[in-house]
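As structure tokens, the structure follows; a few thoughts come after it.
Indexing begins at 1, ligand by ligand and atom by atom, following the structure's order.
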Amino acid sequence: MDFKYVEVNKEEEIAVVKLNRPEKLNTLNLEGLRELLEVFTVLERDDTVKTVVLTGAGEKAFSAGADIKKMEKMSFQEARVFSILGHEVTKKIENLNKPVIAAINGYALGGGCELALACDLRVASENVRIGQPEINLGIIPGWGGTQRLSRLVGLSKAKMLIYTGKVLNAEEALEIGLVDLVVKKEELMSKVMELAKEITNKSSLILSFVKKALNEGFNMDLNRGCELETELFSLCFSTEDHKEGMEAFLEKRKPEFKGK
Ligand code: HXC
């Protein structure tokens with residue numbers, strides 16, 4: 001895949017998607033969003049990819065968000081299109097049939113934070129600066145920040161962050177659960193790849209079931225969520241991987257999952 005704003009590399013069964021506009025802190029314009037959508041659409045269909053890592057090129061940023069220069073002159077209609085496309089991208093990431101880990105290597109602001117929020121897990125380097133500073137530009141988050149941030153850290157903390165535009169450091173982000181893990185800057189990619197490999201060793205099919213149960217169940221009431229869990233739990237019993245997992249346990253060996 002050859003793109004202007006996004007780079008994709010495969011390391012065994014892990015795809016590393018890099019936002020690639022480091023001179024502008026990996027900010028995103030319409031073209032960058034379209035590229036990201038295409039990348040994740042292709043990765044979704046690629047059975048050789050089991051886990052995806054999303055990160056930013058360069059030393060300073062995961063992404064400083066949407067391109068303010070491009071947004072400055074946007075009309076109401078253009079802003080709407082920009083928001084809708086960003087939502088398509090974040091939904092695609094959120095609902096991807098495989099786990100996506102954000103490796104947050106510095107600034108994750110506005111749309112950058114929103115991209116990270118759409119991922120399954122967030123690992124940050126010590127120098128992370130993360131938040132939703134849109135209020136300072138006279139706008140509100142537009143790629144899911146008002147929805148996913150509150151679901152992740154709670155409504156009140158989300159309001160605190162979005163009303164003030166406060167940018168959090170690693171310790172603060174970890175404390176409220178906005179990131180899951182903080183690691184040394186130079187160890188970010190090795191730690192994330194370690195985590196990705198650990199997940200990749202599981203059954204990709206069963207992971208897709210459990211991601212669905214967690215994500216869809218989170219937006220349901222408890223009873224419906226539990227019903228969904230029962231459906232997906234039962235579905236595991238129609239797979240080869242569940243046989244392999246249980247046989248391996250009983251034979252005291254490591255399972256070899258095939259994603260079937
Ligand atoms: C356009 C940006 C940018 C942005 C950085 N740059 N962020 N350009 N849009 N969001 C550009 C700078 O203009 C500069 O270009 C280059 O990247 C390097 O940035 P500097 O500001 O020189 O770096 P530094 O002094 O280290 O400051 C880093 C920073 C600051 C704290 C991250 O750049 C910053 O505050 N950026 C804005 C962050 C922000 O508000 N993001 C939210 C955007 S709104 P030149 O050409 O001068 O070298 C959003 C909404 C999403 O994301 C939803 C839309 C629907």
Side-chain angles (χ1 to χ4, degrees), residues 4-7 17-40 54-94 100 102-119 122 124-153 158-173 178-179 182 185 188:
K4 190 169 167 196
Y5 296 115
V6 186
E7 190 184 291
V17 178
K18 203 179 261 186
L19 304 168
N20 193 20
R21 200 190 181 194
E23 71 289 356
K24 298 285 181 196
L25 307 186
N26 304 318
T27 44
L28 284 157
N29 51 27
L30 271 175
E31 210 181 331
L33 283 178
R34 283 196 201 103
E35 288 187 1
L36 259 186
L37 190 59
E38 194 178 335
V39 163
F40 278 94
L54 178 62
T55 192
E59 294 288 301
K60 281 179 73 173
F62 175 76
S63 169
D67 189 332
I68 300 169
K69 211 170 168 186
K70 285 276 182 319
M71 280 194 298
E72 193 206 351
K73 300 239 153 40
M74 274 182 189
S75 64
F76 167 86
Q77 262 314 328
E78 287 165 335
R80 201 159 184 277
V81 167
F82 198 42
S83 175
I84 289 171
L85 185 58
H87 275 291
E88 275 183 56
V89 173
T90 49
K91 275 188 222 157
K92 174 64 78 183
I93 294 172
E94 185 168 53
V100 184
I104 312 173
N105 55 317
Y107 290 112
L109 301 177
C113 180
E114 291 171 304
L115 279 182
L117 285 169
C119 296
R122 281 151 292 279
S125 58
E126 285 168 330
N127 64 328
V128 73
R129 292 289 180 275
I130 187 165
Q132 302 280 170
E134 285 93 338
I135 198 86
N136 299 323
L137 298 167
I139 58 171
I140 71 167
W143 295 341
T146 60
Q147 305 306 306
R148 293 193 182 91
L149 185 61
S150 51
R151 282 167 170 77
L152 187 65
V153 305
K159 284 179 177 171
M160 183 75 97
L161 283 176
I162 293 173
Y163 290 177
T164 63
K166 186 176 183 228
V167 172
L168 302 184
N169 64 28
E171 198 185 326
E172 293 163 332
L178 178 48
V179 301
V182 174
K185 194 179 167 195
L188 177 66

the protein heavy atom lying closest to atom 3 (C) of ligand 1 turns out to be T27 CG2, 3.3 Å
Is there a side-chain contact between I104 and V179 (heavy atoms, below 4.5 Å)? yes
In the protein, what heavy atom is nearest to atom 20 (P) of ligand 1, and what distance, to one decimal place, separates them? L25 CD1, 4.6 Å
G111 to ligand 1: N or O pair under 3.5 Å? yes
Sub-3.5 Å N/O-N/O distance, A64 and ligand 1: yes
Please determine whether side chain to side chain contact (heavy atoms under 4.5 Å, CB included) holds for the pair L149 and Q132, giving the CA-CA distance in whole Å, both sets of side-chain angles, and the decisive distance to 0.1 Å. CA-CA 9 Å; L149 185 61; Q132 302 280 170; 4.1 Å; yes
Can you find an N/O atom of L137 closer than 3.5 Å to an N/O atom of ligand 1? no
Nearest protein heavy atom under 4.0 Å from atom 9 (N) of ligand 1, yes or no: yes
Donor-acceptor pair, side chain of S83 and main chain of R80, under 3.5 angstrom: no
Select one of side chain, backbone, both or neither to describe which atoms of M71 lie under 4.0 Å from any atom of ligand 1, heavy atoms only. side chain
List the closest protein heavy-atom neighbour of atom 53 (C) of ligand 1: residue, atom name, distance to the nearest 0.1 Å. G142 N, 3.6 Å
Decide whether an N or O pair under 3.5 Å exists between K60 and ligand 1. yes
Treating N26 as the side-chain partner and F62 as the backbone partner, does any N or O pair qualify as donor plus acceptor under 3.5 Å? yes
Atom 45 (P) of ligand 1 [closest protein heavy-atom partner, distance rounded to 0.1 Å]: K24 NZ, 3.4 Å
Single hit among L37, V100, V39 for side chain to side chain contact (heavy atoms under 4.5 Å, CB included) with K92: L37
Under the 4.0 Å line, does any protein heavy atom show up next to atom 12 (C) of ligand 1? no
Contact atoms of ligand 1, heavy-atom distance to G65 under 4.0 Å: 52 (O)
Under a 4.0 angstrom heavy-atom cut-off, which atoms of ligand 1 come close to G110? 42 (C), 52 (O)
Where the side chain of E35 meets the backbone of Y5, is there a donor-acceptor pair that is under 3.5 Å apart? yes
For atom 55 (C) of ligand 1, what is the closest protein heavy atom, and at what distance to 0.1 Å? W143 NE1, 3.1 Å
Under 4.0 Å to a heavy atom of E114 - the qualifying atoms of ligand 1, by number: 51 (C), 53 (C)
Using a 4.0 Å cutoff against the non-hydrogen atoms of E23, which atoms of ligand 1 qualify? 16 (C), 17 (O)
Report the nearest protein non-hydrogen atom to atom 27 (O) of ligand 1: residue, atom name, distance rounded to 0.1 Å. Y107 OH, 4.3 Å
Protein contact to atom 40 (O) of ligand 1 [nearest heavy atom, distance to 0.1 Å]: P133 CG, 3.7 Å
Using distance alone, decide if ligand 1 has a nitrogen or oxygen within less than 3.5 Å of any nitrogen or oxygen in A66. yes
